[in-house]
*Asks:* 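The following block contains the structure, expressed as structure tokens.
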Amino acid sequence: MDILESNYVTSSNTTAHAVSSLSTAGTFKVAFKSTLTFNEETSNATITLKGRDGVNRTTATVSQTPVKLTLNPASVVFENGQPNQIVTVVGTTNDGTISSGMTVSPQSKDWFIVSVSGNKVTIKTTAENDIGKSRPDNVTITYKGTIIQISVTQNCDFNPFSTVNIGGIEWMKYNLGKSRSESEEPTFATKLPSECTDDPIKTKSHGRFYQWDVGKKSWNSTDLSVSGWSGTNPPTQNDSWLESNDPCPAGYRLPTKDEFAILKSETTQTNGGGWSASDYGYKIFTKGNVKLEFPSVGIRSITDGALIGNGTSGFYWSSSQYSSTNGYNMNFSSSGVKSDNYNTKASGRSVRCVRK
């Protein structure tokens with residue numbers, strides 16, 4: 001029988017099982033999906049072979065059935081500090097026992113990693129939620145050409161956007177981490193210094209360091225040295241930190257030198273912590289029943305980015321310029337607070353935002 005012409009081989013289901021690629025040897029291909037979703041139904045087609053006279057000579061039935069996968073649990077929700085969860089994948093039709101062969105994607109994100117063993121998928125958190133709201137994601141499992149997704153969510157147990165009002169200024173409670181220009185969501189310190197009872201370095205209260213008027217790059221607060229550091233002062237374009245470079249989240253900004261002065265004059269300042277490199281100190285600003293805490297994170301040196309003054313001093317940038325090479329900042333140690341300190345713009349210092 002001659003089937004060298006495509007109109008002599010037809011499929012009743014050209015959407016899922018089209019016929020193609022007739023060869024000189026008289027063979028042909030029937031399409032199948034490379035992957036199926038777990039809840040798809042079986043797709044069928046009748047393949048008909050005709051002679052040159054147009055008469056049906058024979059038929060064949062083809063079908064494709066997905067493995068019916070189920071998840072236990074169907075979704076995963078992490079609270080901050082919860083290390084890992086295991087999802088069991090169960091096949092309910094035509095798969096046998098799942099002992100191997102599953103793959104997952106992605107295998108890692110910025111806050112979790114995923115591994116597979118047999119029919120167990122382990123999702124492990126690698127970072128606390130520091131964006132101030134729940135963050136959702138999905139993990140896709142593929143097994144025998146069938147895919148199913150696990151919904152993964154990490155909740156947040158603090159609100160970095162909460163503020164306290166001192167002297168008519170709405171101060172954020174937590175130091176800024178990454179800026180909104182460095183990631184989809186700005187990040188923040190996740191604890192107040194007084195809440196870091198299990199860590200004398202109080203790492204979760206630090207946030208990150210910024211150079212003056214450079215809002216698209218920040219530096220970590222714990223490494224003694226960093227690579228890629230530039231000690232060059234940013235170009236002077238204005239007498240204040242430009243709004244386009246402001247690292248604070250939308251609706252917030254850096255405080256001015258005068259606003260730091262108001263914070264100092266309107267409050268009583270006391271000390272917490274040990275004021276050493278092994279037990280970081282922090283300054284508490286109190287007015288009535290309102291408190292703000294600022295950890296003494298230190299600075300990154302203009303020379304090479306080395307971490308200095310960590311645990312014994314705090315430096316927080318204002319948006320106000322002192323000169324073409326220096327910017328105002330609030331500086332404190334265990335002995336007192338200076339609201340109009342100024343230093344070279346190329347050094348790395350902490351940021352605390354206020355509401356616009």
Side-chain angles (χ1 to χ4, degrees), residues 38 69-91 98-143 147-162 173-179 182-209 218-224 226 249 273 278-280 282 293 295 297 310-311:
F38 72 99
L69 299 175
T70 60
L71 304 175
N72 183 25
S75 62
V76 170
V77 178
F78 288 95
E79 303 300 333
N80 257 356
Q82 189 173 359
N84 63 68
Q85 292 196 43
I86 296 175
V87 176
T88 302
V89 185
V90 179
I98 300 176
S99 58
S100 64
M102 290 197 309
T103 60
V104 293
S105 178
Q107 294 182 330
S108 65
K109 293 295 285 286
D110 56 353
W111 62 273
F112 67 83
I113 57 175
V114 187
S115 60
V116 176
S117 177
N119 69 333
K120 309 290 186 185
V121 178
T122 301
I123 305 171
K124 181 179 181 180
T125 57
T126 56
E128 285 196 272
N129 187 334
D130 55 5
I131 66 172
K133 61 183 180 180
S134 294
R135 50 183 171 188
D137 218 308
N138 291 296
V139 174
T140 299
I141 301 166
T142 304
Y143 177 67
I147 61 173
I148 190 170
Q149 282 192 331
I150 305 172
S151 171
V152 181
T153 302
Q154 187 182 38
N155 285 336
C156 185
D157 59 4
F158 79 112
N159 179 15
F161 297 97
S162 62
K173 292 182 179 180
Y174 300 88
N175 281 1
L176 182 66
K178 289 186 177 181
S179 70
E182 291 180 273
S183 57
E184 288 186 13
E185 300 281 357
T187 65
F188 303 88
T190 58
K191 287 188 176 182
L192 301 176
S194 61
E195 296 172 336
C196 299
T197 56
D198 59 344
D199 175 20
I201 303 300
K202 303 173 181 62
T203 307
K204 294 178 181 179
S205 72
H206 290 190
R208 291 174 67 86
F209 290 125
S218 63
W219 304 87
N220 76 71
S221 64
T222 55
D223 293 345
L224 295 180
V226 292
S278 59
D279 183 4
Y280 278 34
Y282 57 96
E293 297 181 12
V297 190
N310 48 308

*Asks:* Please list, chain by chain and in numerical order, all residues satisfying side-chain contact (heavy atoms from CB on, under 4.5 Å) with Ser75, sequence neighbours excluded.
*Replies:*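 In terms of side-chain contact (heavy atoms from CB on, under 4.5 Å), with neighbours along the sequence ignored, Ser75 is linked to Ser151.
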
*Asks:* Quick one: list whatever passes side-chain contact (heavy atoms from CB on, under 4.5 Å) with Asp130, sequence neighbours left out.
*Replies:*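 For Asp130 the side-chain contact (heavy atoms from CB on, under 4.5 Å) partners, ignoring immediate neighbours, are Arg135, Thr187, Thr190.
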
*Asks:* Is there a side-chain contact between Phe78 and Thr153, using heavy atoms and a 4.5 Å cut-off?
*Replies:*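 Not in contact.
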
*Asks:* Show me the side-chain donor-acceptor pairs of residues 103-115 shorter than 3.5 Å, one per line, residues at least two apart or across chains.
*Replies:*
from: Lys109; atom 1: NZ; to: Asp137; atom 2: OD1; distance (Å): 3.4
from: Lys109; atom 1: NZ; to: Asp137; atom 2: OD2; distance (Å): 2.6

*Asks:* Quick one: CG on Leu69 to OH on Tyr143, what's the gap to the nearest 0.5 Å?
*Replies:*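 Interatomic distance, Leu69 CG to Tyr143 OH, rounded to 0.5 Å: 8.5 Å.
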
*Asks:* Listed by chain and number, what are the side-chain hydrogen bond (donor to acceptor under 3.5 Å, both in side chains) partners of Asn138, not counting sequence neighbours?
*Replies:*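 With sequence neighbours excluded, Asn138 shows a side-chain hydrogen bond (donor to acceptor under 3.5 Å, both in side chains) to no residue whatsoever.
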
*Asks:* Apply salt bridge (charged side-chain N to carboxylate O under 4.0 Å, His left out) to Lys133 and list each qualifying residue two or more places apart in sequence or on a separate chain.
*Replies:*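 Lys133 satisfies salt bridge (charged side-chain N to carboxylate O under 4.0 Å, His left out) with Glu185 once adjacent residues are dropped.
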
*Asks:* Under the side-chain hydrogen bond (donor to acceptor under 3.5 Å, both in side chains) test, which residues partner Ser162, sequence neighbours left out?
*Replies:*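 Partners of Ser162 by the side-chain hydrogen bond (donor to acceptor under 3.5 Å, both in side chains) criterion come out as none, since no residue qualifies.
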
*Asks:* Tell me the salt bridge (Lys or Arg N to Asp or Glu O under 4.0 Å) pairs involving residues 200-209, sequence neighbours left out?
*Replies:*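 For residues 200-209, and leaving out neighbouring residues, the salt bridge (Lys or Arg N to Asp or Glu O under 4.0 Å) pairs sorted by first residue read Glu128-Lys204, Lys202-Asp279.
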
*Asks:* Return the set of residues passing side-chain hydrogen bond (donor to acceptor under 3.5 Å, both in side chains) with Thr197 (not counting sequence neighbours), or none when no residue passes.
*Replies:*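 Listed in chain order: nothing, the list is empty.
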
*Asks:* List for me each residue that meets side-chain contact (heavy atoms from CB on, under 4.5 Å) alongside Glu293, sequence neighbours excluded, and say none if there are none.
*Replies:*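 Only Leu192, Pro193, Ser194, Tyr282, Ile284 meet the side-chain contact (heavy atoms from CB on, under 4.5 Å) criterion with Glu293.
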
*Asks:* Any side-chain heavy atom of Val89 sitting closer than 4.5 Å to one from Val121?
*Replies:*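 Val89 vs Val121: side chains touch.
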
*Asks:* Tyr280: what forms a ring-ring contact (aromatic ring centres under 6.0 Å, His included) with it, not counting sequence neighbours?
*Replies:*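 Tyr280 satisfies ring-ring contact (aromatic ring centres under 6.0 Å, His included) with His206 once adjacent residues are dropped.
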
*Asks:* Checking Phe158 now: which residues fulfil ring-ring contact (aromatic ring centres under 6.0 Å, His included) with it, not counting sequence neighbours?
*Replies:*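 Counting only residues at least two positions away or on another chain, Phe158 forms a ring-ring contact (aromatic ring centres under 6.0 Å, His included) with Tyr174.
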
*Asks:* Is the backbone of Ile131 close enough, under 3.5 Å, to the side chain of Asn129 for a donor and an acceptor to pair up by distance?
*Replies:*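 Here the side-chain-to-backbone pair exists.
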
*Asks:* Under the side-chain hydrogen bond (donor to acceptor under 3.5 Å, both in side chains) rule, collect the residues that match up with Gln82, sequence neighbours excluded.
*Replies:*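 None.
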
